[in-house]
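Note that the structure is predicted; figures quoted are calculated from it, not measured.
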There are 2 protein chains.
Amino acid sequence: MKRKPAVTSRDVALRAGVSQSAVSRCFSPEASISEKTRLKVLNAARELGYRPNSIARSLITRSSRTIALVLSSLDNMFYPLAVEKASQRFQAEGYHLLLFVVPESDDFPGIMDSILQSQVDGILMLSALLTSSLARECVDAGVPVVLLNRSVEFEGISQVYSDNYHGGYWAGSYLAMSGHRDIAFVAGVETSSTSRRRHEGFVDGLAAHGLVPYAVVHGNYDFDKARHETLALFARGQGPDAIFAASDHMAVAVLETLRHELRRRVPEEVAVIGFDDTPVSAWPSYALTTVRQPIDEMIEAATSLLIEQIRHGAEAADSQVLPVTPVLRHTTRRME
Amino acid sequence: MKRKPAVTSRDVALRAGVSQSAVSRCFSPEASISEKTRLKVLNAARELGYRPNSIARSLITRSSRTIALVLSSLDNMFYPLAVEKASQRFQAEGYHLLLFVVPESDDFPGIMDSILQSQVDGILMLSALLTSSLARECVDAGVPVVLLNRSVEFEGISQVYSDNYHGGYWAGSYLAMSGHRDIAFVAGVETSSTSRRRHEGFVDGLAAHGLVPYAVVHGNYDFDKARHETLALFARGQGPDAIFAASDHMAVAVLETLRHELRRRVPEEVAVIGFDDTPVSAWPSYALTTVRQPIDEMIEAATSLLIEQIRHGAEAADSQVLPVTPVLRHTTRRME
DNA sequence: ATGAAAGCGCTAACAA
DNA sequence: TTGTTAGCGCTTTCAT
């Protein structure tokens with residue numbers, strides 16, 4: 001387990017003929033040190049292959065300069081994209097990223113414990129697993145948390161989300177205005193606030209045109225589950241003439257099932273709308289009409305909020321909601 | 001920056017009326033301690049909300065129980081899948097994952113420095129950026145490295161890769177045997193050993209049937225670049241009657257371009273083969289014939305190798321090559 | 001089984 | 001500007 005004894009600042013000090021603290025100062029930007037000693041130290045350091053031990057530094061500064069990024073799956077491209085963007089931002093700010101992929105079924109309190117033990121400076125949550133008691137633990141431990149597209153009934157925690165309600169509303173009313181009457185919703189995970197808000201918006205959007213949903217099924221944000229539910233939707237009766245899915249990932253599953261298993265033409269027989277606007281929805285084979293979430297801006301806002309809160313404490317906790325944008329492509333009919 | 005003073009083992013010791021080392025022992029599994037004190041300590045710890053500080057532990061044990069996972073992009077689904085799997089494996093072994101997404105253009109030596117400073121116990125490289133001098137630094141620093149689907153001219157570093165050469169060979173010879181004569185290759189990044197080996201295999205596979213490539217273009221593993229190169233392939237002359245792409249991600253770009261921009265029927269006019277077998281290639285709209293990389297097994301092998309090496313030192317360095325499997329779907333014609 | 005004491009490698013007062 | 005000193009919170013001898 002142990003490695004060969006590493007080169008320490010003392011070794012460098014000895015070799016450079018200066019004190020250990022001089023070496024330390026050499027490696028912290030704002031410390032004052034003469035050019036002469038700086039050079040001596042830097043030389044000795046290079047010769048010895050010295051690298052400051054950031055663990056020791058963290059211990060004393062009480063800051064690991066590390067952020068925990070928590071999510072439950074990477075198979076919806078929304079998440080890889082978010083991770084990539086977050087990684088860039090944090091790297092630019094001098095933070096490392098500790099990644100936790102926690103399947104919904106896992107022992108989440110245990111994971112939270114392990115996250116808190118790891119002394120991260122902040123937590124960026126893209127997963128729906130944070131209960132309010134867990135949230136309280138974070139706040140008690142003084143660890144800033146920002147939730148992305150999640151919500152928890154606990155204040156003092158920042159949240160960034162897109163306007164899921166209006167996205168759902170737009171989808172519902174757009175489909176209604178396009179002349180559809182039997183409009184189904186493929187929801188995400190039942191407990192997810194994101195899916196619930198989209199659902200609510202959708203229902204209200206339909207209601208504005210005197211409609212109620214043809215059916216609501218649960219796709220759990222999962223490809224295969226969405227496929228099965230689509231099949232089920234058409235198992236008896238006519239089936240819907242339009243489907244709104246709570247994510248592009250599920251919308252693609254719906255589309256594939258419609259075209260290749262149910263032999264329905266899209267959008268002529270059944271229209272489809274997704275949510276997210278991940279790259280796949282722009283691919284010509286799908287050309288999916290969808291509700292765009294401004295993912296880059298969302299990550300931008302979330303990281304800024306988190307860093308702000310790390311620097312200035314809990315009073316910086318805040319929430320932001322970003323607008324969504326309809327993207328019209330070819331899985332819906334042109335209105336009139 | 002600093003947080004409220006955390007609860008330390010001393011606080012717990014005071015409260016429980018035992019020594020600080022007793023508290024420490026309580027939280028290390030193999031230490032000997034009486035049931036009585038254990039209970040006292042555990043109670044005090046709970047009351048105080050104590051959580052061992054893993055930074056301090058790392059400092060003394062010289063092991064952060066953290067692995068650096070380095071990759072250059074997440075937009076090819078191969079990588080998110082790999083990350084997810086790796087995360088599970090490492091989590092199960094009690095390691096944390098530090099994620100580094102390093103665009104090829106970035107200052108890689110600088111990043112390596114930052115990785116080494118962070119005192120990770122090991123590095124899993126899914127990126128092609130490790131030069132041999134950087135590799136030497138890792139070995140000098142005593143940090144085990146495992147390369148996945150990469151290679152570097154430096155020994156003492158473990159490598160895990162799939163049989164890229166035979167994958168390429170199969171693609172080339174299969175297309176030749178299916179009666180194609182003008183077969184193009186859409187390569188990945190020029191410097192990537194993975195793409196090069198696929199290329200070599202492909203060329204030899206054609207040669208076995210007396211063919212040479214119709215053309216070789218560079219898609220850089222990028223969707224848009226692959227699309228442009230596909231367009232270029234058909235810009236003058238007839239264009240190829242079959243295309244082998246070094247990744248599914250590019251193969252999808254090829255397919256989309258072929259069908260929707262060039263109006264070629266696949267596989268009747270042009271056949272397409274990809275590489276990876278990511279989920280997208282199984283989607284009915286593509287039904288992409290491809291060469292499957294056993295991604296789970298690859299990650300499994302790589303993580304095992306890395307953990308082995310962390311435990312038993314550099315002499316455990318080893319390499320493994322895993323077999324690939326052709327997956328016949330509908331972007332190629334049935335032979336004869 | 002338990003406690004005292006010695007650090008791990010570093011930063012941050014404080015003095016000089 | 002520099003060196004001295006005192007820890008950060010923990011694990012790990014070494015006695016007891």
Between [atom2] on [N] and [atom1] on [X], what's the gap in Å once rounded to a whole number?
X         : N       : atom1 : atom2 : value
Asn53(A)  : dT11(C) : CG    : P     : 9 Å
Gln20(B)  : dT13(D) : CD    : P     : 15 Å
Ile60(A)  : dC10(C) : CD1   : C1'   : 6 Å
Arg57(A)  : dC10(C) : CZ    : P     : 9 Å
Gln119(B) : dC10(C) : CD    : P     : 8 Å
Tyr50(A)  : dC10(C) : OH    : C1'   : 7 Å
Leu59(A)  : dC8(D)  : CG    : P     : 9 Å
Asp11(A)  : dC8(C)  : CG    : P     : 11 Å

Side chain of Ala22(B): nearest nucleotide among dC8(D), dG3(C), dA12(C)? dG3(C)
Could you check which of dA4(C), dC8(D), dT11(D) has an atom nearest any side-chain atom of Ser19(B)? dA4(C)
So does Ser21(B) reach the base of dA4(C) with its side chain, donor to acceptor, closer than 3.5 Å? yes
Would you please name every residue forming a salt bridge (charged side-chain N to carboxylate O under 4.0 Å, His left out) with Asp106(A), sequence neighbours left out? none
Any pair with a residue in residues 67-86 of chain B that passes salt bridge (charged side-chain N to carboxylate O under 4.0 Å, His left out), sequence neighbours left out, goes on the list, sorted by first then second residue, please. none
Near-strand residues of residues 23-45 of chain A, defined as heavy-atom separation under 4.0 angstrom from DNA chain C: Ser24(A), Arg25(A)
Thr61(A) vs dT11(C): side-chain N/O to OP1/OP2 distance below 4.0 Å: no
Can you tell me how far CD of Glu297(B) sits from CD1 of Ile295(B), rounded to the nearest 0.5 angstrom? 9.5 Å
Residues Ser304(B) and Arg89(B): side-chain donor-acceptor under 3.5 angstrom: yes
Is it true that Asp11(B) and Arg15(B) have a side-chain N and a carboxylate O under 4.0 angstrom from each other? no
Could you walk me through whether Glu308(A) and Arg311(A) pass the salt bridge (Lys or Arg N to Asp or Glu O under 4.0 Å) check? CA-CA 5 Å; Glu308(A) 188 62 16; Arg311(A) 294 208 181 114; 5.1 Å; no
Could you tell me if the ring centre of Tyr221(A) sits under 6.0 Å from that of Tyr79(A)? no
